[in-house]
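Remember, it's 1-based here, ligands and their atoms both numbered in the order they're listed. Everything numeric here is computed off the predicted structure, so don't read it as measured data.
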Amino acid sequence: MKTLFAILILKTTFGVARVWNDTGVGTIVIEEAWTIPEIGVGPSIAPPGQTNEELMNNLLDVHNQRLRQMDENGIDFMVLSCVSPCIQGISDPTEAQEMAINANNQLADQIANNTLRFGGFAALSMHNATEAALELNRTVKELGFLGALVNDFQQSGSDNDTFIFYDQPDFDVFWQMVTDLDVPVYFHPRVNVPLVGNLLYGHAPWLRGPAQEFAATLSTHVLGLCTNGVFDRFPNLKIIVGHLGERIPSDLFRIGDVLLGQISQGMPMQRNVSSYWETNLFETTSGNFATDLLLFHNKTIGLDRVLFSIDYPFSNIVDGTNWVDGLSSVLNSEELLKLKRELAIDLLKLND
Ligand SMILES: *[C@@H]1O[C@H](CO)[C@@H](O)[C@H](O)[C@H]1NC(C)=O
Ligand SMILES: *[C@@H]1O[C@H](CO)[C@@H](O)[C@H](O)[C@H]1NC(C)=O
Ligand SMILES: *[C@@H]1O[C@H](CO)[C@@H](O)[C@H](O)[C@H]1NC(C)=O
Ligand SMILES: *[C@@H]1O[C@H](CO)[C@@H](O)[C@H](O)[C@H]1NC(C)=O
Ligand SMILES: *[C@@H]1O[C@H](CO)[C@@H](O)[C@H](O)[C@H]1NC(C)=O
Ligand SMILES: *[C@@H]1O[C@H](CO)[C@@H](O)[C@H](O)[C@H]1NC(C)=O
Ligand SMILES: *[C@@H]1O[C@H](CO)[C@@H](O)[C@H](O)[C@H]1NC(C)=O
């Protein structure tokens, strides 16, 4: 297995193809959480059926129950990323940068003996766009990572209440590196800091997290990338949005109509939001195994933009697998294979 790691390093040096467990039929899943003891589970709450202790064990584990369930459920390859909010929950820039490097090195170490089955997305401190760019470069070039996953906005400031969004021109240096490396960046949700959480959800705390807060907050950030012209400046940038696109592809009629009217008022965005789903944006099915919605999204953005994922350990591997396999009654075999694996192979360049 040390040899595999050597091959990985050789690949980055001499362009030798990545070796992974390509069965030709198994699934590839890419929004799958993992953690290190220093980060723990953060504010995550265990889903029904798991205690907090089990959640922690599942997040820390790579080679035991995780791999066993991959084998039992026909998952060829899984991309791991640090559990939300990970580095985006660290307000101190120095601490955040050190923890990102630490998490990335530990992830590379843990998967080094089984890169047949596991890949990594980098955790990044987003306090400083240049440092984020350099750490992404290091993880892709030296650790063989497949891209990055950011957990929505970077919190900052001594009171934790300064938010950094990546849709301003000072992040162009980061997006330049992302497009130079030609890797995707996954936009994953996070919980709001207490100030915002209390203001917006104090009246209905049940809505915090996946039911409402995640999609509401993250879709705003993604639409920020659109409206601030990031995709016009970086036409080859690839962004992945989980949970069936955090509702954006479900609401393109209204979003598109309203925003188009503002292009003449100086909004940097040059095209309609629908069109960025043809060139820049992808979605995954993580934690949102909704067949009717998937079929609707085939109409709004097309299955060329949709990848299967599970959101383990917050969603159950058996549920995700049963759902995607059951889609054989509504998708033709070409559509199903694209969803289960082919688009991921292309986007992550697994066979290049
Ligand atoms: C490849 O993945 C399949 C699941 O799709 C698993 O059953 C098989 O054991 C894996 N092979 C290796 C060598 O890991
Ligand atoms: C990789 O190392 C871990 C931790 O030592 C071990 O549990 C696992 O079985 C190893 N996997 C392979 C494929 O050698
Ligand atoms: C960001 O990091 C770079 C490289 O370390 C440094 O030169 C620059 O001054 C930093 N920018 C800010 C605003 O701290
Ligand atoms: C990116 O990483 C490679 C490999 O370590 C290095 O040679 C290159 O100089 C880095 N690029 C930048 C812009 O730092
Ligand atoms: C800011 O967040 C950190 C880490 O979550 C926490 O330890 C600290 O108490 C928070 N500071 C304030 C002023 O809320
Ligand atoms: C959005 O843009 C695309 C491509 O530029 C175009 O084909 C489509 O008609 C536009 N949709 C609307 C509602 O303007
Ligand atoms: C998905 O959309 C394409 C293009 O409109 C269509 O040909 C195909 O039949 C649709 N697939 C399903 C499963 O609805």
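- For ligand 3 and Asn128, the ligand atoms under 4.0 Å from any heavy atom of the residue are 1 (C), 2 (O), 3 (C), 8 (C), 10 (C), 11 (N), 12 (C), 14 (O).
- Looking from atom 11 (N) of ligand 4 to the surrounding protein, the closest heavy atom is Asn137 ND2, 2.9 Å.
- For the pair Arg138 and ligand 4, the shortest N or O to N or O distance does not fall below 3.5 Å.
- Applying the side chain to side chain contact (heavy atoms under 4.5 Å, CB included) test between Ile248 and each of Thr300, Leu223, Val241, Ile301 identifies Leu223 as the sole match.
- Closest heavy-atom approach to atom 5 (O) of ligand 4 among the candidates Glu142, Lys141, Met177, Gln176: Glu142.
- Remark: of the listed residues Asp325, Asp76, Thr321, Asp325 is the sole one forming a side-chain hydrogen bond (donor to acceptor under 3.5 Å, both in side chains) with Lys340.
- Counting only non-hydrogen atoms, the option in Asn113, Thr115, Asn64, Asn114 that gets closest to atom 10 (C) of ligand 2 is Asn113.
- When each of Leu347, Leu149, Val185 is checked for a side chain to side chain contact (heavy atoms under 4.5 Å, CB included) with Ile240, only Leu347 meets the rule.
- Atom 14 (O) of ligand 4 has its closest protein heavy atom at Leu134 CD2, 3.5 Å.
- Note: Phe174 and Phe171 have perpendicular aromatic rings, judged against thresholds of 30 and 60 degrees for the angle between ring planes.
- Checking Asn236 against Thr179 by side-chain atom types alone, no donor-acceptor pair falls below 3.5 Å.
- Looking only at atom types and distance, the side chain of Gln106 has a donor-acceptor partner in the side chain of Asn102 under 3.5 Å away.
- Taking a distance limit of 4.0 Å, we find that atom 7 (O) of ligand 4 is approached by no protein heavy atom.
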